[in-house]
Amino acid sequence: MSVALPLPRQPGASLWRRRRDALPGFGLALGITLTWLSLIVLVPLSALVLRPWELGVTGILQVLSDPRVLAALRLSFGSALLAALVNLPLGLLVAWVLVRLRFPGRRVLDAMVDLPFALPTAVAGLALTALFAPNGWLGAPLKAVGVQVAYTPLGVFVAMMFVGLPFTVRTVEPVLRDLGTEAEEAAATLGASRAQALLRVVLPALAPALLTGFGLAFARSVGEYGSVIFIAGNRPLVSEIAPLVIVQRLEGFDYAGAAVIGLAMLLLAFVVLFAVGLLQAWLRPERRA
Amino acid sequence: MAAFLPRRALLGAAALAAVPAGAQSLPTLLNVSYDPTRELYRAFNAAFAAHWAKENGGQRIRVNSSHGGSGSQARAVIDGQQADVVTLALAYDVEAIAERGLIDKGWMGRLPHNSAPYTSTIVFLTRKGNPKGLRDWGDLAKEGVGVVTPNPKTSGGARWNYLAAWAWAQRQPGGSDAAAEELLGRILRNVTVLDTGARGSTTSFVQRGQGDVLLAWENEAHLALKEFGAGQFDIVLPSLSILAEPSVTVVDRNVDRRGTRAVAEAYLRHLYSPEGQALAAQHFYRPRDAGVLAAAGGVFPPLNMVTIDEAFGGWAEAQKAHFADGGSFDRIYRPSR
């Protein structure tokens, strides 16, 4: 893929100058990018940012200090973080199996990973609920040992794990494939044990991809509505997710209050994703070298 | 013919406005309705199309309906869905559309019976034989009873449930608003699943086996019996319930722009005709027509019912006191009350 030769860095040349020389059409490409991003992302988001001020600062604080809103935000962000965290080792394992092992039915398994992407979320939600309801295939045996998944916060977590899994698998998989086995073999010839090779050679190389997968899985789950709403039970203060609280405000024609919670979710998600980005930059190979 | 429609839609609003209504070969009508009326309007739309063709020299029309939570349907119309008529779960949602100028303010007086051609009420659906002995609203607050109802914030039907329980509690010996709020608090603590819509609650209760009792529209309870067998559930009538009047009206701004006022008005009037009333009864809505009601016999036993106006001073008041931000429903879920 590397077509362009690495350009010699000239200490005196400005950033602007260097880029313009390297790629033709810089202005055009940047112009189109900015216009497109503004239309698709910034304009809708600015509406979200402007709307809450109708309520004034006290009104906004009042919405955000509502115990139901706080409980819902806690549930949505807590479960999404936890689900993304659990998806990390699981996603890595699935990617590992798909890349490194050869067995009959591998392609079928490979296709199955993408199902949560493709399935309409409501269908996923209904299927999970039917499965985990106390009279369902999995719900009945679980109930016998005293665990109820559907209609509890645990159900929210399960649904979020379901929608988030493909993100971790699909971000880690290509990196793992590119990595090949040479590095591990070299580590082995130098006397590293399997565990050492995994921990000191493979995982550091995969870390940025794993973090990206974590961020994507988290971002997808935190705003997830369709698949969660069926299994959550939606009891206020217990199993009510933040997007549902927004919907409830809209049903009461309280557009500004809904926008306040939407904005809070946006900012919180931004903080999490920004932290993931920082961590990624910190883990970059050249920094460690 | 049907394949023609999308292309015509693409011609754009300007071209459409230029075409007089009469020139459209296949007029279509959109009825934006609420969740449990799917079956009723599927049957009624076909009946009305046949009726219209007979009255208008064989002119064919097509009626589409859209279903969902009553509040979100109202919002869709406010946000620009081209509904010719709305048939929603409660007057409050129609009022919200009228407030934004799409419907004439005096809409409720345009058709008989508060513009509600059929009524319904709230009943209990219990497991067969009513093993927990749930007879009245007070029983729902007992320890160990699992209650299934939709969320009043998102479901029109759930607001009727809530208000029916409230009205009952007020009318008990020593009843008051405080006692009612206390009872509702205890009932809501018994809720195991709070779905967003009436149909979702029915599914949770009937198919997922959640709870001991479902608070349901009378028509929804009968439908559950019909679909899943009368041997599994019992309908229990509480000593007092509420008269639910699902409102219907023409969306003035849309019909005037689309030139569909005549057919839209005929559609709603047909709901009051013997055929419309019989269809309503067949789908377990209480018909207004005394003859049709009598013919339905024991399906609609007489029931003590309060109306929203006499018990709560109308929807605007009820909404503000109970379901708006900071209303009684919010207070119940405020931990440090």
Peer 1: Which atoms of A:Thr129 come close to chain B, meaning under 4.5 Å heavy atom to heavy atom: side chain ones, backbone ones, both, or neither?
Peer 2: both
Peer 1: Do you know which of B:Phe312, B:Phe329, B:Trp315 makes ring pair (Phe, Tyr, Trp, His ring centres under 6.0 Å) with B:His322?
Peer 2: B:Phe312
Peer 1: Assess whether atom NZ of B:Lys226 is packed by more than 12 heavy atoms of other residues, nucleotides or ligands within 6.0 Å.
Peer 2: no
Peer 1: Under a 4.5 Å cutoff for heavy-atom pairs, which residue among B:Gln319, B:Lys153, B:Arg75, B:Gln207 has the most contacts with chain A?
Peer 2: B:Arg75
Peer 1: Side chains of A:Glu251 and A:Val247: does their closest heavy-atom pair fall under 4.5 Å?
Peer 2: yes
Peer 1: Under a 4.5 Å heavy-atom cut-off, does chain B meet the side chain of A:Gln62, its backbone, both or neither?
Peer 2: neither
Peer 1: Count the heavy-atom pairs under 4.5 Å between each of B:Thr203, B:Thr196, B:Asp325, B:Leu188 and chain A, then report the option with the highest count.
Peer 2: B:Asp325
Peer 1: For A:Phe274, is the CZ atom crowded, meaning more than 12 foreign heavy atoms sit under 6.0 Å from it?
Peer 2: no
Peer 1: Name the member of A:Ala71, A:Pro134, A:Ala130, A:Ala133 that forms the most heavy-atom pairs with chain B at distances under 4.5 Å.
Peer 2: A:Ala130
Peer 1: Using non-hydrogen atoms only, which part of B:Ser155 is less than 4.5 Å away from chain A: side chain, backbone, both, or neither?
Peer 2: neither
Peer 1: Say whether B:Asn219 and B:Ser120, considering side chains only, have a donor N or O and an acceptor N or O under 3.5 Å apart.
Peer 2: yes
Peer 1: Can you tell me which portion of A:Phe132 sits under 4.5 Å from chain B's heavy atoms? Options are side chain, backbone, both or neither.
Peer 2: neither
Peer 1: So do B:Leu90 and B:Ile308 actually touch side chain to side chain, heavy atoms under 4.5 Å?
Peer 2: no
